[in-house]
Participant: 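Let me give you the structure first, and then I'll get to my questions.
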Amino acid sequence: MNTLLITGTDTEAGKTVVTTALAAYWQKYYPQRRLGIMKPIQSGVGDREWYQKLFSLEQSAEEITPLYFQAPLAPPLAAAKENRQVDLAVVWQTLSRLQKRCDFLLIEALGGLGSPVTAELTVADLAGEWRLPTVLVVPVRLGAIAQAVANVALARQSRINLKGIVLNCVQPRSDAEIADWTPPDLIQSLTNTPVLGCLPYLDNPDDLEKLAQVASNLDLETLTLEND
């Protein structure tokens, strides 16, 4: 069984695109294997609905997103508006059930690695405590190197099993911009973490064939996606 957490440097890093690309790849090349997708906590309409639209998953809406809040805010703030608590036990129980049922489980984190899950815990805390193999999505833009270094440092502090970094073009970028803003060799040297590849900007992020194609250009063996 393989479980992979996809997190990012911030809320607009492109975690959903990376998660969708990996899911599209898995379903295209391993159709006989059971895929699961989780967005453990969601505030407002968004990713759960997206995954339900694109993929035929053997999961209920509650299994995709065990905790759902109406306000598009950080979970502790969104929960407070509904006089609720962020009950991580519900998330853990759902995660455990899906791990037993699925051959591969993709978990899209909320926000960035430092985003609050509760008033005491961040995404990094959960990734470390729950021992989730993790990929960090870094958007291709000015300042990306510093974001990558800071987030990898946070991952190490939280004892996260960080499998690698995926660069992601959230806007159209030229080859020169990618090379200047997110040079893989420099990022790998500064973070001691492999850069698994770079996803191009996608005009149609719901084109599953194209998503599977761009995912195949990543170093998927490092993520154990290629393992039988």
Participant: Answer whether the closest heavy-atom distance between the side chains of Ile165 and Leu196 falls below 4.5 Å.
Facilitator: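 No, too far: nothing below the 4.5 Å cut-off.
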
Participant: Would you check if the side chain of Asp207 reaches a backbone N or O of Lys210 as a donor-acceptor pair within less than 3.5 Å?
Facilitator: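 Confirmed, Asp207 side chain pairs with Lys210 backbone.
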
Participant: Identify whether Val86 and Leu73 are in the same connected component of the hydrophobic contact network (ILVMFWY, side-chain heavy atoms under 4.5 Å).
Facilitator: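 They do not share one cluster, since no chain of ILVMFWY contacts under 4.5 Å joins Val86 to Leu73.
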
Participant: Mind checking whether Thr9 and Pro139 have side chains closer than 4.5 Å, heavy atoms only?
Facilitator: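 Yes - at least one pair of side-chain heavy atoms lies under 4.5 Å apart.
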
Participant: Would you say the side-chain atoms of Glu177 pair up with the backbone N or O of Ser174, donor to acceptor, closer than 3.5 Å?
Facilitator: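 It does hold such a pair.
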
Participant: Tell me if a side-chain donor or acceptor on Thr193 pairs with a main-chain N or O of Thr191 at a distance below 3.5 Å.
Facilitator: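 Yes: the side chain of Thr193 pairs with the backbone of Thr191.
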
Participant: Spell out, as yes or no, whether a donor-acceptor pair under 3.5 Å connects the side chain of Asp87 to the backbone of Ala89.
Facilitator: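 Flag set: sc Asp87 to bb Ala89 pair under 3.5 Å.
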
Participant: Between Gln188 (side chain only) and Pro194 (backbone N and O only), is there a donor and an acceptor less than 3.5 Å apart?
Facilitator: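 The answer is no, because no donor-acceptor pair under 3.5 Å joins these two groups.
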
Participant: Quick check for you: to the nearest 0.5 Å, what is the distance between Phe104 atom CZ and Tyr30 atom OH?
Facilitator: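 The CZ atom of Phe104 sits 10.5 Å away from the OH atom of Tyr30.
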
Participant: Taking the side chain as every heavy atom from C-beta outward, state whether Leu167 and Val137 have any atom pair closer than 4.5 Å.
Facilitator: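 In short, these two side chains do not touch, never coming nearer than 4.5 Å.
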
Participant: Any side-chain heavy atom of Ile41 within less than 4.5 Å of one from Phe69?
Facilitator: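 When only atoms from C-beta onward are counted, Phe69 and Ile41 do touch, with a gap below 4.5 Å.
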
Participant: Heavy-atom distance under 4.5 Å between the side chains of Trp130 and Leu95, does that happen here?
Facilitator: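 Of all side-chain heavy-atom pairs linking Leu95 with Trp130, at least one is under 4.5 Å.
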
Participant: How about Arg101: does its CZ atom have over 12 heavy atoms from other parts shown lying under 6.0 Å from it?
Facilitator: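 More than 12 heavy atoms, drawn from other residues, nucleotides or ligands, come within 6.0 Å of this atom.
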
Participant: Applying a strict under-4.5 Å side-chain criterion to I, L, V, M, F, W and Y, I'd like to know whether Tyr29 and Ile37 cluster together.
Facilitator: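 Linked within one cluster.
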
Participant: If we ignore hydrogens and angles and just use 3.5 Å, is the side chain of Ser158 paired with the main-chain N or O of Ala155 as donor and acceptor?
Facilitator: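 Side chain of Ser158 to backbone of Ala155: no pair is present.
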
Participant: For the side chain of Asp125 and the backbone of Thr122, is there at least one donor-acceptor N/O pair under 3.5 Å apart?
Facilitator: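 Indeed, once roles are kept as given, a pair shorter than 3.5 Å links the two residues.
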
Participant: Go through the side-chain N and O atoms of Glu63 and Thr94 and say whether any donor and acceptor fall under 3.5 Å apart.
Facilitator: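 Short answer, no.
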
Participant: Could you grab the distance from atom OH of Tyr25 to atom CG of Leu35, nearest 0.5 Å is fine?
Facilitator: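 Going from OH on Tyr25 over to CG on Leu35, the span is 13.0 Å.
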
Participant: Same cluster or not: Trp50 versus Val170, using hydrophobic residues (I, L, V, M, F, W, Y) connected whenever any side-chain heavy atoms lie under 4.5 Å apart?
Facilitator: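 Shared cluster, no.
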
Participant: Under the side-chain hydrogen bond (donor to acceptor under 3.5 Å, both in side chains) definition, can you give me all pairs with a residue in residues 36-49, not counting sequence neighbours?
Facilitator: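 Qualifying pairs: Thr16-Asp47, Lys39-Asp47, Lys39-Glu108, Gln42-Glu49.
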
Participant: Between Thr134 and Asn161, is any pair of side-chain heavy atoms under 4.5 Å apart?
Facilitator: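 No; the side chains remain at least 4.5 Å from each other.
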
Participant: So do Asp103 and Asn2 actually touch side chain to side chain, heavy atoms under 4.5 Å?
Facilitator: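 In short, these two side chains do not touch, never coming nearer than 4.5 Å.
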
Participant: How would you list, by chain and number, every residue that makes a salt bridge (Lys or Arg N to Asp or Glu O under 4.0 Å) with Lys15, sequence neighbours excluded?
Facilitator: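 Partners of Lys15 under the salt bridge (Lys or Arg N to Asp or Glu O under 4.0 Å) test: none.
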
Participant: Are the charged groups of Asp180 and Arg141 less than 4.0 angstrom apart, N to O?
Facilitator: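 Salt bridge flag = no for Arg141 with Asp180.
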
Participant: Return yes if some donor-acceptor pair links the side-chain N/O of Arg173 with the main-chain N/O of Pro200 below 3.5 Å, else return no.
Facilitator: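 A pair under 3.5 Å: no.
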
Participant: Going only through I, L, V, M, F, W and Y residues with side-chain contacts under 4.5 Å, is there a path from Leu77 to Val123?
Facilitator: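 Leu77 does not cluster with Val123.
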
Participant: Does Glu209 pair with Lys28 as a salt bridge, N-O distance under 4.0 Å?
Facilitator: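 Salt bridge: yes.
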
Participant: Side-chain heavy atoms nearer than 4.5 Å, only ILVMFWY residues, links allowed to pass through others: does that put Val17 and Tyr201 together?
Facilitator: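 Different clusters: Val17 never reaches Tyr201 through Ile, Leu, Val, Met, Phe, Trp or Tyr contacts under 4.5 Å.
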
Participant: Given 3.5 Å as the limit, does a donor-acceptor pair link the side chain of Ser189 with the main chain of Leu186, or not?
Facilitator: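 Side chain of Ser189 to backbone of Leu186: no pair is present.
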
Participant: Side chains of Val117 and Leu88: closer than 4.5 Å at any heavy-atom pair?
Facilitator: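 In short, these two side chains touch, coming nearer than 4.5 Å.
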
